[in-house]
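Here's the structure we're looking at; comments come further down.
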Amino acid sequence: MQAYHFDVYDIDGTLTIPGHDLWYLSTRSLSADKDLFDSYVAEWKSEIQSGMDPFECSLTMMKRGLKLLKNGVGSEMVGHEVQRLTSNLIDEGLVWREAIDFVKGRIRSGVGAVFSTTNYHEGAVGFLHALRQKGWIQQTELEKICLSGSRIDWSSRIVVHFNMGSNKVIGLGDALRIGEETLKAGISFVFGDDPLGNDRELLEIAPYAYVIKNEKNRPLDLPDRVRLVTWSEVQAMSISELASLHTDPGER
C-alpha cells in the first residue's frame with residue numbers, strides 16, 4: 001500500500017461487540033486441552049487485574065495457547081477457523097455493521113484502511129474473508145484493507161512479532177511497508193477499545209483518536225484528545241464534524 005492517508009481499526013472489541021475475542025475463541029476451539037487452556041486464561045486475567053505488565057502476561061498467554069494447539073494446526077487452519085467464528089458472530093449481530101459501513105465510506109473517499117489486531121495475522125485474514133463471504137464488503141474493498149497482526153512461525157509455533165502495545169505501531173509500519181516518519185504523516189483516524197493498554201500507542205500517534213465505548217473504558221480518565229464514542233455517533237457525523245471534536249476550542 002502506498003503512503004497516503006489511512007485509518008487504523010482495532011478488531012476485537014472495536015469492530016466486534018466486546019466480549020467476543022477472536023483470538024480466545026479460535027485458540028480454545030483448536031486447543032487439544034480446553035480445560036488447561038481455560039485455567040491459563042483465568043491465571044492471565046488474574047495477573048492483569050493484579051497490575052502485572054499486560055504485555056508480558058499476554059505474550060506468555062499467547063505462547064501457552066500456541067503450545068496447546070492440536071497437532072497439524074497451522075496458518076491455513078487458523079484462518080479458516082476465525083473465518084467460521086466471525087461468520088457466526090455476524091449472524092448473531094456481534095459485529096458492528098455501522099463500523100464496517102464507516103470503513104467502506106472512508107475507502108470510497110480514497111482513504112486507506114488497516115485492521116490491526118493482537119490476534120494472529122491469520123486471524124485478521126479470517127475476519128476479513130468472513131466480511132466478504134457475508135457480503136458486508138466487496139472484493140474491491142477487501143483489496144484496499146491492509147492487515148497487521150501477530151506473526152507466528154507455524155512450523156515451530158514461535159511468536160516472531162507480538163502485535164500489542166508499542167509493537168502495534170511497528171506492525172503497522174511493516175504492514176504498510178513504510179517508515180516511522182511516513183507513518184506518522186499518513187495516519188488519520190484510529191479506532192480502538194483499550195486506550196490505556198493494547199491500543200494506547202496507536203491512539204497516541206493519531207491526530208484523531210477514538211475509543212469505542214464499553215463498560216470497561218467508560219469510567220476511565222482519558223486525555224482530552226482521546227474521544228469516547230459509539231459507532232452510531234460516528235456514523236451520524238460528517239468527517240469534518242468528527243475531526244472538529246479534536247480541535248482546540250480556541251481554534252474552532
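Values reported hereafter were calculated over all heavy atoms of this structure, with side chains retained and with hydrogens, waters and symmetry mates removed.
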* Asked: Quick check: does any side chain N or O of Glu233 sit under 3.5 Å from a backbone N or O of Thr230, one acting as donor and the other as acceptor?
  -> yes

* Can you tell me if Tyr120 and Thr27 form a side-chain donor-acceptor pair at under 3.5 Å? -> yes

* **Lys144 with Glu141: basic N within carboxylate O range, under 4.0 Å** => no

* Shared hydrophobic cluster for Leu36 and Trp44 (ILVMFWY, side-chain gaps under 4.5 Å) -> yes

* Do the side chains of Leu30 and Lys70 get nearer than 4.5 Å, heavy atoms only? -> no

* side chain to side chain donor-acceptor pair (under 3.5 Å) assessment of Asn163 paired with Thr117 -> CA-CA 7 Å; Asn163 204 48; Thr117 181; over 6 Å; no

* Side chains of Ser150 and Asn119: do they bring a donor and an acceptor to under 3.5 Å? -> no

* What's the shortest heavy-atom distance between Asp7 and Arg106, and which atoms? -> OD2-NE, 2.7 Å

* **Distance in Å, Asn88 CG paired with His20 NE2, rounded so as to fall on 0.5 Å steps** => 12.0 Å

* To do: Taking atom NZ of Lys45 as the centre, report whether more than 12 heavy atoms of other residues, nucleotides or ligands fall under 6.0 Å from it.
  => no

* Report the distance from atom CG of Asp10 to atom CG of Asp199, rounding to the nearest 0.5 Å. => 4.5 Å

* Judged by modelled atom types alone, do Ser166 and Glu201 share a side-chain donor-acceptor pair under 3.5 Å? -> no

* More than 12 foreign heavy atoms under 6.0 Å from CD of Glu180: is that the case here? -> no

* Going by heavy atoms in the side chains, are Asp12 and Asn198 under 4.5 Å from each other? -> no

* Structure fact -> Of all heavy-atom pairs linking His5 and Ala185, the shortest is CE1-O, 3.6 Å

* Using the six-membered ring wherever Trp is involved, compare the ring planes of Phe191 and Tyr9 and label them parallel, tilted or perpendicular (cut-offs 30° and 60°). => parallel

* **Between Ser238 and Ser240, a side-chain donor and acceptor under 3.5 Å** => yes

* Take Lys104 and Arg108, measure what side chain to side chain contact (heavy atoms under 4.5 Å, CB included) needs, and give me the verdict at the end. => CA-CA 6 Å; Lys104 290 163 63 175; Arg108 281 196 297 272; 3.8 Å; yes

* Asked: Charged N to carboxylate O under 4.0 angstrom, Asp193 versus Lys213?
  -> no

* Asked: Taking C-beta and beyond as the side chain, do Leu183 and Leu172 meet within less than 4.5 Å on heavy atoms?
  -> yes

* Write down the atom of Tyr210, the atom of Ala243, and the distance for their closest heavy-atom approach. => OH-N, 4.2 Å

* May I ask you to test the Ile48-Ser58 pair for a side-chain heavy-atom distance under 4.5 Å? => yes

* Asked: Around atom CD of Glu181, are there more than 12 heavy atoms of other residues, nucleotides or ligands at under 6.0 Å?
  -> no

* **Any side-chain heavy-atom pair of Leu242 and Val234 under 4.5 Å** => yes

* Quick one: do Trp154 and Val78 satisfy side chain to side chain contact (heavy atoms under 4.5 Å, CB included)? Show the steps, please. => CA-CA 10 Å; Trp154 289 102; Val78 167; 3.6 Å; yes

* Identified side-chain contact (heavy atoms from CB on, under 4.5 Å) counterpart of Phe162 within the set Ile152, Ile170, Leu59 -> Leu59

* Where is the tightest heavy-atom contact between Val82 and Gly123, given as atom of each residue plus distance? -> CG1-O, 3.2 Å

* Asked: Would you say the side chain of His80 lies within less than 4.5 Å of the side chain of Arg84, judging by non-hydrogen atoms?
  -> no

* To do: Check the pair Asn167 / Val169 against side chain to side chain contact (heavy atoms under 4.5 Å, CB included), numbers first and verdict last.
  => CA-CA 5 Å; Asn167 277 3; Val169 179; over 6 Å; no

* **Point-to-point distance, once rounded to the nearest 0.5 Å, from OG1 of Thr14 to CD1 of Ile212** => 6.5 Å

* Taking atom types as modelled and ignoring hydrogens, do the side chains of Glu81 and Ser29 form a donor-acceptor contact shorter than 3.5 angstrom? -> yes

* Looking at Asp153 and Arg157, does any basic side-chain N land under 4.0 Å from a carboxylate oxygen? -> no

* Structure fact -> When rounded to the nearest 0.5 Å, the distance separating CG of Leu131 from CD1 of Ile100 is 4.5 Å

* Structure fact -> Output for pair (Leu89 CG, Leu22 CG), nearest 0.5 Å, gives 5.5 Å

* Can you establish whether the number of heavy atoms outside Glu76 located under 6.0 Å from its atom CD is more than 12? => no

* Give the intermediate values and the outcome of salt bridge (Lys or Arg N to Asp or Glu O under 4.0 Å) for residues Asp174 and Arg151. => CA-CA 11 Å; Asp174 288 346; Arg151 294 283 185 172; over 6 Å; no

* **Test: Glu43 and Arg64 ion pair at under 4.0 Å** => yes

* Can you list the steps and then say if Leu68 with Tyr40 is a side chain to side chain contact (heavy atoms under 4.5 Å, CB included)? -> CA-CA 11 Å; Leu68 285 178; Tyr40 283 153; 3.7 Å; yes

* Would you say Met62 and Ile158 are hydrophobically clustered, going by side-chain heavy atoms of ILVMFWY under 4.5 Å? -> no

* What about Phe6 and Phe189, are their ring centers closer than 6.0 Å? -> no

* Asked: Does a side-chain heavy-atom distance below 4.5 Å link Phe115 with Ser148?
  -> no

* Asked: Linking I/L/V/M/F/W/Y whenever their side-chain heavy atoms sit closer than 4.5 Å, directly or via other members, would Leu15 and Leu94 fall into one cluster?
  -> yes

* Search all heavy atoms of Val190 against all heavy atoms of Ala206 and return the closest pair with its distance. => CG2-CB, 3.3 Å

* To do: Calculate, to the nearest 0.5 Å, the distance between atoms CH2 and OG belonging to Trp136 and Ser87 respectively.
  => 10.5 Å

* **Same apolar cluster (I L V M F W Y, side chains within < 4.5 Å links), Leu142/Val111** => no

* Trp96 and Thr16: side-chain donor and acceptor closer than 3.5 Å? -> no

* Heavy atoms, side chains only, cut-off 4.5 Å: are Thr182 and Leu176 in contact? -> no

* For salt bridge (Lys or Arg N to Asp or Glu O under 4.0 Å), just list the numbers for Arg97 and Asp101, CA-CA rounded to whole Å, side-chain angles, deciding distance to a tenth of an Å, and then say yes or no. => CA-CA 6 Å; Arg97 186 65 185 254; Asp101 287 345; 3.7 Å; yes

* Polar side-chain atom of Ser31 near backbone of Arg28 as donor-acceptor pair, under 3.5 Å -> no

* Asked: Between Pro18 and Asn214, what is the shortest heavy-atom contact and its length?
  -> CG-CB, 3.8 Å

